[in-house]
Structure formats: C-alpha cells, structure tokens
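Computation of the quantities below employed the complete heavy-atom set of this structure, encompassing side-chain atoms and omitting hydrogens, waters and symmetry-equivalent molecules.
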Amino acid sequence: MRFKILGPLLVEHEGQELHLGGSLQRVVMAMLLLEANRVVPLERMIEAAWGENPPGTARNQVQIRISQLRRVLHDTAQPYHTLITRSPGYVVKVDPARLDLTEFDDLITRARGEEPERAARTLRAALALWRGPALSDVDSDLIRPMVHDLEERRLLAHEQCVELELGLGRHLELVGELRRLVEAHPLRERPHNHLMLALYRSGRQAEALDAFRAYREMLLDTLGLEPSDELRRLELAILNQEDELDRPAPPVRLTPVPRQLPPMISTLSGRSGELARLTGMLAGSGADGPLPMAAVVGRAGVGKTELAVHAAHELSSHYPDGQLYVDLRDGQIEATDVLSMFLRALGVSAIPRSAEERGALFRSTVAGRRLLVLLDNAGSFEQIWPLLPGGGPCGVLVTGRERPIGMAEHWVVRLEVLDDAGSVRLLMGDVGERRAAAEPDALRRLAAQCGGLPLALRIAGARLAVRPQWTIETLVGLLSDSRTMLDVLSHGDLEVRASLEVSYRGLSARARTLFRRIGLVDSPQTTAWMAGALLDGDAEQALDELVGASLLTVRGGHYAIHDLVRAFAGERAQTEERREQRLATLERACSAFVRLSERAHERYYGGHFTLLRGKAGHGPFAPTLADALIGDDPLTWLDGERATLLALVRQAAGHGLDELCWSIAMTAITLFETHGYFDEWRAVSELALKACREAGNIRGEGAMVYSLSSLAVFQQRYGEAHPMLTEALDLFDEIGETHGRALALRNMAMVERMRGDVAAARERYEQALPLLRAVGDRAAEAHALVNLAVIHLERGTLDEGGPLLEQALEIFREEGVPRGEAQALNSIGRLALLRGEGRRALEAFEAAAVIVRDVRDRIGEAYVMQGIAEARIALGQPDQAKGTLAAALDLAERLGERLISGRIRLNLGLLMMEGGERSAESHLQEAYALFEEIGAEPWRAKAAEALARAR
C-alpha cells in the first residue's frame, strides 16, 4: 500500500486507488499521514475536522471514520497493523518508503551529501513526487498551516536545485521553468535572482534587466519595499556585463573571513523539516531592517547543536563574509571574552578593555557584512545581547534549552525527540544496513529504549559499532535494567547522564525536588494531583518548569516521563534525599492514591461495596475535590492511572508500606475484573501478599489471598480457587474479620456450584448473606442473592428464584450499581426463558446490554449477547441468533473467558444440530473440552448429553 499527500490525498493498493470516502474521513486520514508513525490525539483530529466548535458527537464521529478507514485499508482484524488505537488517539503505521513525504525528505537529505551533478538529479527526483499543492482536496483550518510548511520545503528544494543547475551551465533549459516559478510565487526573491542570471547567461541581457524592473515595481506597489542589496548588485553587474556573471569567481577580500563552524561529522537524520525551517528563516536577510534571528530550543541531548551546525553550513553561501561560532556552555562563558575572540577572528588587533567598547567595535566591524553568528548552548538573554550584530545583512542562530526572551515564537524551532522512523534511521547509520536488517525488531526496541534522544541513539550506535561481536539484542538486554541503563549509555566523552544533569541543574530547587520524587515513584507518567502529593503542596509551577525543560511531556491529562529520564530522576532521589524523606514521600503518594481509587470505587458501586478497605491514611482529598479529579467516569479515570497504580504497589512493597500496598491492590480489583487485566491483577496481588506476610499483616494477607482467589474464579480455575479461599477464611477467622469472611464465603459458593456441589454452594450463600447485611455491603448482598437465585433456576424452583432476583435488582438500582443491575437483568432474562416467555427475556437481555456497553463491561457484554441469542432462538429467529452467537464467541475468546466461550459453543452446537449442519459436533466437542478444563461440572454434563445426541 502506498500513501501520497504531496498533491491530492491518495492511497493506492496494488496500483489501484482506494476510495477513502467523504471529506471528514479525508481530514482524519490527512492528519494521521502528516504525523505518520506518531500518535495523533483524538482531540487534535476533532480540531482538524471542526475547528473550535465541534459538535457533541465529534468523538463518536471520528471513531466511526476510523472504523471506516480500517475497512478501506483492509485492516479490520485485531490486532490492527496499519491504523492503530494508541492513547490518547490513533497512529497510522507506514513504512517510510511507502509515504511520498518521507521519500521526499530522504531525497533532500541525500542530495546534501552529493556532488553537484548527482545532487541536482536527486533534487529533481524529489520534486517529481509532487503532483500539485499538498493535500489540495482536504479542507481544514488546522491542516492548512501544515500544508504551507510543506510547500515552503518544496520551494526551498526547487530553489536549491535551480541554483545547482545554473552552476552546471543549464541556463537555457531553466528560463521557462523560472518564469513559471516567479509567476507562481511573485514575492520570493531567490527565483527572480535565478531568472535574471539565467536570462543573462542565455544572451538576453535586456530581458534580464526587464525582469528586475518588473519585480521592483511589483514589490514597491505591493509592499512599499525595495529589492535586497544582493539583487541590486546583480542588476548592476548585468548592466556592466561583468565577467564574473559567466564564470563566477571568489571575490578578493581585504579582511579575514572567519570559518569557525564545527565540522559536520555525521549525517543529519530525521530533521529535514526543522532544517528547512531554519534555513528559510535566515536565507533571505537584507541590508536594512531588524536583525534576522532564529533559535533552536530543546532539552539537553536532543540534537540542537547538530541541527544548528548543519543549518549554518547549508547557509554558508548566503553568508559569504564568514561564520562565527562559540559554545557559551549555558552561561558559563562571559560575553566580554567571547567578543574578544570574535574581534580577533575578524582581524581586529587592538581589543578595547571594557565590554561596552568591545560590543560597539564588534557591531561596527560586522556592519554591512553578510556574516552568520552561531551562539551555541546559550544561557540567559543577558549573555546573548552583547554578541548580537546591529542588524542585517548579518544573521544570528542561537541554541539553548529555552527561548531567548524577546525573540518572537515564530522564529523558534522547538526540537523534540525523534520519531520512531527517524530514530531507527539514525541507528542504522551507525550499525550498518546489513546488521540492522538481521535484527529489525531488536533495532526498533533499541530505538524505543533511547526515547528518540539523538545523544542516546548516537551512543548506542557507537557502542555497537565498536563491538561487532555484539548482537543488537545484547544491547537491548543491557538497557532493560533501569538501574544500569545510564551506565550503558556512555561512550568516550558522550554520556546521557551528563546531558540530563545539565537540564536538571537548570531547574529551580522546587522543580528539582519534584523531579526527584517523580523518579522515586518510578511510574512512566504522573499527574498534577500526584505532583501535589509528592511536594505536599501546589506543584503547578514546578510541573511547568519540568515541561519547559523537556523532562516531562504533556499527554492528555497526564505528564509522561521517558525511561531514561526516569532512571536519572530515580538516581537523584537515592543520592539527594534521606531514607526517611523518601519514605514520607511514598506514604503521601500512596495515601493520596488510596483515597482517590477508593472514591472511584465508591462512585462506581454507589458505596464502599464488595471492597475490603485497609486501615492506612486516606490522603488529602475531600470527596468534592476527589470527584472533580475523577470526573464523570470513575473506571475510566482509574484505568488512566493504571501505570501509577502498578508503580505505587511496587514501591510500597519495596519500602515496607504493607498496609498501603494491599489497600491499593484491593481497590484495583474492579478495574482488573471489568477490563480483563488478569496478568496485572495477579502481579499486584502477589506483590502485596508477599509484603503483608513479611510484615505479619494477617488482614492484608487474607485480603490478598482472597483477591487471588477472585482472579482464579474469574479465569475459571476453580480447582486453584478452592484452597485459596479455605486459606483466606482461616486468616479472616483468626482475627475476627467479618467482611472479609463474607466475601470469601460468596466466592466459595461460586466454586462449589461450578464443581457441581449445589447444596454446598447454597449453604455458603446463606452463610454469607447475614454477614454482608451486618457490615452493610448491599452490593455484595445483591450479588449473593443473584447467584442464589441462579441455583434455584438450575434446580427448576423458579418461584423461589424470581423474588430473589427482584430483590437483588432493587438493591442494585437503589445503590446505583449499574454493572450489578445488568447481572440481575441477565438472570431475570434467563428466568423468563425457563418460563417460556421469549419476548420478556429479550427485553431483559437488551436492557442489560445497554448497561454493560455503557460501563464498558466487555465480559458482561459476552454473557448478555449469549442471552439475546437464546431469546431469539426461543422466538423462532435462528439466523439472527447464530449471528449474535458468532459475535459473542469472538468477543469471549478475545477476552480469554473460557466459561462463556464454552456456553456459546454449546448454544451454537445445539442450534446447528437442529439445522442438520456438520459443524455442530465440532462446537459441542470444543464446549465439552472447555468445561472439563475449567472444572465446570454442570456445564460439562450438559455438553456431554448434547454430544451423545449429536452422535
């Protein structure tokens, strides 16, 4: 598949154009391709489609267009390979060779390293990729400025190509092309310069002068400006028919021409757009007007100097009077010393003593000269100010971690880390294409470990280059340990740790403290509320500093921190904070999380139901403040904090905070259960269990054994769940823990029922119910009533089961527990089926479906879909039932839910058996195997009976 945006939006598959659909789908596709292989937030897509006033259905409409585009791109099977959902939006994965924009950028980069003849051909190949104005058929106010940037890069490449071809003597062929170019872009001076020169060298002196006069008149009429000195000098040279116009030769210079730029020792990778912007800012400086300036800003190690040096070398022809360079070392070098160096380089032997006199002499010396000043690693604006020329035609390029005060934002190039493709290309330059091709997956993982930071990528590449015996996977393994990764990323004088130290030392004391404490938590993300807990006060300004220093990145409502930065922050925490300080910080962070996660659970369940609460402190949040942070969807909020949850459990366990550790793990059960995060459920429960056992915390130990038993029940591992529940009951009995005992009895009843001991199950529920009522856990009470009713349904005592279900439904609705309400409705639907009331059953199942989809209960959705199918069978709609069962089976198997998968296969087998279909027996056999595997005896018996009939 090939993607094209340099012209009308076009996607081709095997040479055929794919129909992308309407204007909204084209806007979404265009946004994704402009940021190919990078996540585009959903909010940004909405802005691209509707601007500042999107409709209320905007999020849903974009999601629908994403689904439609997946169908167009033949990317409908999960896991998706091309159009991928990735928080906080979507990313389109495109091979760089399959996107015309990336191909264009690569050709431009290649041309810069070639001799003129080959470079001109390469640039022509790049320009040939353009089929017209970029994305000319996509209408979006947000996309329009991005398209203008692309057009600027195209024009720069065109001008560079023409300049090369003029130098190769192709003036005759260029005249017509240049006339079209100046007509299309009448205000750009460079094409007029080229046209005048091409006409003159073609023996058309009068036309060359006419071209100048026409441009001058247009410029005066339009902007009230005169052409630049350079163009006026060219006019004079044409009038005088100077020989140098035919055979350009370097002019004789009476003063030194400094060439102080550092050498370009490597190819610039992944920065073609930024390079084009910089050269565009500084390529057209004239004699009059304000001083042309540009700044490259970003965190240490992001490649500011490399980009600036490449840009300065590319601009050397625009600044023939020389280039001055100094590394200001973040303010460590005095401006007066720099002025002395600059003046000597410019041939001044008598250097004044005072800073004011040196500055004045410097400005006088460079006045009227086309000279570029590169101020690298600048500190404050006070340091830069004395080093600036008085105005054009000089130019100034500055690099630093922050934008110099007084410089307009549109003259600033903010350098971020490289994207995935740029990172891989940079590594390939060091390790070689053959080595990279042998381990493409390891190369991509290595690039991700380096976080797109050019310094880290250079060091990683250098370490592999000098160790040909290493595989790329060897280095990936070394970098997987956060405790040593910064030691691994050092090579010679290069060290990621040192570059991060520069950014860290530039922070205020409070921002440094927050940075260390974020590292102490060791989560890949943080939030404003967590930062406030870590600092024990307002953290807004400190967060802004960390973002400004590129140590944190804003992503939706979170702040992301890369593994490399996090490792450095953790080192600083261990080095600079005492153990008691670290422990107090973690206690505040964990307590804050417990308070918020318990509030999220309380909001979701309508109370502290089904939750065994710890006795640790509950943080600083009043319910109103907690509710403001959690928002309207408590479970979505908790899901968004999952990385922090896992990190805090690890840290609490490692620092002996056993009560907080199990409390956090306990509050997460509803999230893990609803979204099927079974691996994480097991990991945090086992960590907390170990911490509680080591501390002698019997209640916490019982809670975590109960948690692991709940996981075993949800995964239908009933044989494993039974001894764990026995252990949990013993622990709770030992300390007289009523609530924990009631919850464990409820789980034990489920296990007994699945093992076929219905009488024991009924007894367990009846033991649990008064205990649950005594502790006021109404939601758990209602769950027990539903399950007790199901036993009656399975035994055929429908009149006893019905009132229990109505009672449970009433409790769930009173307490505001939508997921429980759906479970009660699902069982009411089954009761209606047993009574032969198909229509009433369908109504109950469909009401439950609305709820489970609203709360995003995927497991519940599979159960409800199965119920809907059974109702349709009862109503004589087998074809519709079969389609619903197929969709339910797909969902259940993706979730790994074996019990419902078996029940659905049993339904399918029975339905197909009635229709005489051959595949019926296959479904029944698979159902039987699933029930046998998980120990669901009643269901195994049903499958065995159905198999006997099928044979």
Under the salt bridge (charged side-chain N to carboxylate O under 4.0 Å, His left out) test, residues paired with Asp633 that sit two or more places apart: Arg856

Return the CG to OH distance between Leu552 and Tyr559, rounded to the nearest 0.5 Å. 8.0 Å

Identify whether the distance between the nearest side-chain nitrogen and carboxylate oxygen of Lys690 and Glu686 falls below 4.0 Å. no

Restricting to side chain to side chain contact (heavy atoms under 4.5 Å, CB included), what partner residues turn up for Leu687, sequence neighbours left out? Val649, Arg650, Ala653

Test salt bridge (charged side-chain N to carboxylate O under 4.0 Å, His left out) applied to Glu47 - qualifying residues, sequence neighbours left out: none

Could you note down all residue pairs passing side chain to side chain donor-acceptor pair (under 3.5 Å) where residues 413-425 supplies at least one of them, sequence neighbours left out? Arg38-Asp419, Glu409-Arg414

How far apart are the C-alpha atoms of Phe672 and Phe678, what are their side-chain angles, what is the distance that settles it, and do they pass the ring pair (Phe, Tyr, Trp, His ring centres under 6.0 Å) test? CA-CA 6 Å; Phe672 294 153; Phe678 298 138; 9.3 Å; no

Should the pair Arg572 and Phe515 be classed as cation-pi, given the thresholds of under 6.0 Å to the six-membered ring centre and 45° from the axis? no

Results of salt bridge (charged side-chain N to carboxylate O under 4.0 Å, His left out) for Arg693 - residues two or more places apart only: Glu701, Glu727

Spacing of Gln651 atom CD and Glu587 atom CD [to the nearest 0.5 Å]: 13.5 Å

Where is the tightest heavy-atom contact between Val302 and Val417, given as atom of each residue plus distance? CG2-N, 3.8 Å

Under the salt bridge (charged side-chain N to carboxylate O under 4.0 Å, His left out) rule, collect the residues that match up with Asp487, sequence neighbours excluded. Arg497

All heavy atoms of Ile630 vs all of Trp637, minimum pair found to be O-CB, 3.4 Å

